[in-house]
There are 2 protein chains.
Amino acid sequence: MRIGELAEATGTTTKALRFYEEAGLLPSPDRTGAGYRDYPPEIISRLAFIRRSQSAGLTLAQIREILQIRDGGQAPCEHVQELLSDRLSDLDRQIAELQELRGTVAQLQADATTVEPARCDPATVCRYL
Amino acid sequence: MRIGELAEATGTTTKALRFYEEAGLLPSPDRTGAGYRDYPPEIISRLAFIRRSQSAGLTLAQIREILQIRDGGQAPCEHVQELLSDRLSDLDRQIAELQELRGTVAQLQADATTVEPARCDPATVCRYL
DNA sequence: CTTGACCTTCCCCTGCACTGGAAGGTCCAA
DNA sequence: TTGGACCTTCCAGTGCAGGGGAAGGTCAAG
């Protein structure tokens, strides 16, 4: 199948597919006589895996690692477990940071709306920040 | 005061200060005979405002907007309130998204650790993703 | 035979907030 | 006078995941 068909079948773009190939996530496909990329149907499930992994928040670099282990003939189970654990820790940390920031901003915003009648001191930039 | 002093006084770098000037957050300072930037002491509180705004998660573009209103002689109160409200909505949305993602990843990770003894099917990339 | 849709490679651009380094000028102390 | 610390401008790069568009080749239909 040609690159445009594959893009449509997987909901991505030809640009992205060439980029994935360049980035080592997709193997270099065969070429037709005219030099067109000619993908085997199985590539669709590989793309689906890439999509699922992206949905889990893995970077292309991490996905490439998994695929390389798999392509090397090994089962990437342990590596995947580790990546997922790391991702979970990251998410917990990110969420905690955002919640703390949310508290700060909510306080600032509350001050900014309730104290409103007092006009800002022209000499300072902003009394709320 | 020279740029190096200001950088040290405000905990930033000379690079960042020139960048802020270029980006319209700092006015072009006077120059000494040798062409060195010569900042007035008041600039320190402007930098402090920039730092506080960054801590609240505002982008440099948003901070520049506030400063431009202020520099135009107006009180940026309403604009600040709006920016803070928007920021709060953004944070709520981001937190919700991350929490949903966290649920997904936690499930994947749980599956990956408990189902472990069953080896992966060599024909697929990974049974967990 | 030509039109239009598809394909190829190539290089640059995006947003964000800077950082690094080159090439050169200035100032102060030893 | 020389060394080192500071300053200047300008250009380029960082990380992430591609997107935009040029210049040119290919293929099927009308």
Side-chain angles (χ1 to χ4, degrees), chain A residues 1-26 28-39 43 46-67 83 86-87 90-91 94 97-98 101, chain B residues 1-26 28-39 43 46-67 83 86-87 90-91 94 97-98 101:
Chain A
M1 83 195 312
R2 287 187 308 178
I3 196 168
E5 296 175 72
L6 179 58
E8 189 159 9
T10 58
T12 181
T13 64
T14 59
K15 283 283 188 187
L17 292 175
R18 294 193 196 94
F19 177 75
Y20 291 164
E21 182 180 335
E22 180 69 19
L25 287 111
L26 295 180
S28 299
D30 290 342
R31 300 289 182 130
T32 68
Y36 289 10
R37 287 175 177 78
D38 187 18
Y39 294 96
I43 205 76
R46 193 179 178 99
L47 259 301
F49 171 76
I50 293 173
R51 280 284 159 270
R52 288 197 303 278
S53 303
Q54 277 194 311
S55 300
L58 299 186
T59 66
L60 293 189
Q62 292 172 321
I63 300 169
R64 181 179 52 217
E65 284 177 17
I66 299 174
L67 289 168
L83 284 177
D86 290 354
R87 186 77 193 102
D90 271 6
L91 283 171
Q94 279 182 55
E97 279 174 15
L98 285 182
L101 183 54
Chain B
M1 83 197 308
R2 288 187 307 182
I3 196 170
E5 296 175 72
L6 179 58
E8 188 159 9
T10 56
T12 181
T13 64
T14 60
K15 283 283 189 186
L17 292 174
R18 293 194 196 94
F19 176 76
Y20 290 164
E21 182 180 335
E22 179 69 18
L25 287 111
L26 295 181
S28 300
D30 291 342
R31 300 291 182 128
T32 67
Y36 290 9
R37 286 173 178 80
D38 188 18
Y39 293 97
I43 204 77
R46 193 180 179 99
L47 259 300
F49 171 76
I50 293 174
R51 282 284 160 266
R52 288 196 303 278
S53 303
Q54 278 194 310
S55 300
L58 299 186
T59 66
L60 292 189
Q62 292 172 320
I63 300 168
R64 182 180 52 218
E65 283 177 17
I66 298 173
L67 289 168
L83 284 177
D86 290 354
R87 186 76 193 103
D90 271 7
L91 282 171
Q94 279 184 52
E97 280 175 15
L98 285 183
L101 183 54

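All values below were derived from every heavy atom in this structure, side-chain atoms included, with hydrogens, water molecules and symmetry-related copies excluded.
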Exercise. Answer with base, sugar-phosphate or nothing: what part of the nucleic acid does A/T32 contact at a heavy-atom distance below 4.0 Å?
Key: nothing
Quiz item: Are B/Q54 and C/dC16 close enough that a side-chain N or O sits under 4.0 Å from OP1 or OP2?
Solution: no
Quiz item: Atom CD of B/E8 and atom C1' of D/dC7: how far apart are they, to the nearest Å?
Solution: 16 Å
Exercise. Taking side-chain hydrogen bond (donor to acceptor under 3.5 Å, both in side chains) as the test, write out the residues that go with B/Q94, two or more places apart.
Key: none
Self-check item: Interatomic distance, B/E22 CD vs D/dT9 P [rounded to whole Å]
Solution: 10 Å
Quiz item: Excluding sequence neighbours, so at least two apart, what forms side chain to side chain contact (heavy atoms under 4.5 Å, CB included) with A/T13?
Solution: A/K15, A/A16
Self-check item: Test item: A/R46 side-chain N/O and A/L26 main-chain N/O as donor-acceptor pair under 3.5 Å
Solution: no
Exercise. In whole angstrom, give the distance that lies between atom CD of B/E5 and atom C1' of D/dA5.
Key: 13 Å
Quiz item: C/dC16 P sits how many Å from B/I50 CD1, rounded?
Solution: 17 Å
Exercise. Report yes if at least one side-chain N or O of B/Y20 is closer than 4.0 Å to OP1 or OP2 of C/dA17; otherwise report no.
Key: no
Quiz prompt | Non-neighbouring partners of A/Y20 that pass side-chain hydrogen bond (donor to acceptor under 3.5 Å, both in side chains), sequence neighbours left out | solution = A/R51
Quiz item: For the helix from C/dC1-D/dG30 to C/dA30-D/dT1, what angle lies between the axis at the first five pairs and the axis at the last five pairs, to 10 degrees?
Solution: 40°
Enumerate the protein-to-nucleotides 8-10 of chain C contacts in which both atoms are nitrogen or oxygen and the separation is below 3.5 Å.
residue : atom : partner : partner atom : Å
C/dT8   : OP1  : A/R37   : N            : 2.8
C/dT8   : OP1  : A/R37   : NH1          : 2.9
C/dT8   : OP2  : A/R18   : NE           : 3.1
C/dT8   : OP2  : A/R18   : NH2          : 2.7
C/dT8   : O3'  : A/R31   : NH1          : 3.4
C/dT9   : OP1  : A/R31   : NH1          : 3.4
C/dT9   : OP1  : A/R31   : NH2          : 3.0
C/dT9   : OP2  : A/R37   : NH1          : 3.0
C/dT9   : OP2  : A/R37   : NH2          : 2.9

Exercise. Using the test side chain to side chain contact (heavy atoms under 4.5 Å, CB included), find all partners of A/T14 that sit at least two apart in sequence or belong to another chain.
Key: A/I3, A/A7, A/R18
Quiz prompt | Those residues that, when tested against A/E21, pass side-chain hydrogen bond (donor to acceptor under 3.5 Å, both in side chains) (two or more places apart) | solution = A/R37
Quiz prompt | Whole-Å distance separating the CG atom of B/L58 from the C1' atom of C/dG15 | solution = 17 Å
Quiz item: From B/I50 CD1 over to B/T10 OG1, what is the distance, rounded to the nearest 0.5 angstrom?
Solution: 9.0 Å
Exercise. Applying side chain to side chain contact (heavy atoms under 4.5 Å, CB included), name anything that partners B/A48, two or more places apart in sequence or on another chain.
Key: B/R52
Quiz item: Rounded to whole angstroms, how far apart are CZ on B/R2 and C1' on D/dA5?
Solution: 9 Å
Quiz prompt | d(CG, B/L17; C1', D/dT9) in whole Å | solution = 16 Å
Practice problem: On DNA chain D, check which nucleotide each of A/F19 and A/G33 is closest to and give me the residue with the more 5' one. | Solution: A/F19
Self-check item: Non-neighbouring partners of B/D90 that pass salt bridge (charged side-chain N to carboxylate O under 4.0 Å, His left out), sequence neighbours left out
Solution: B/R93
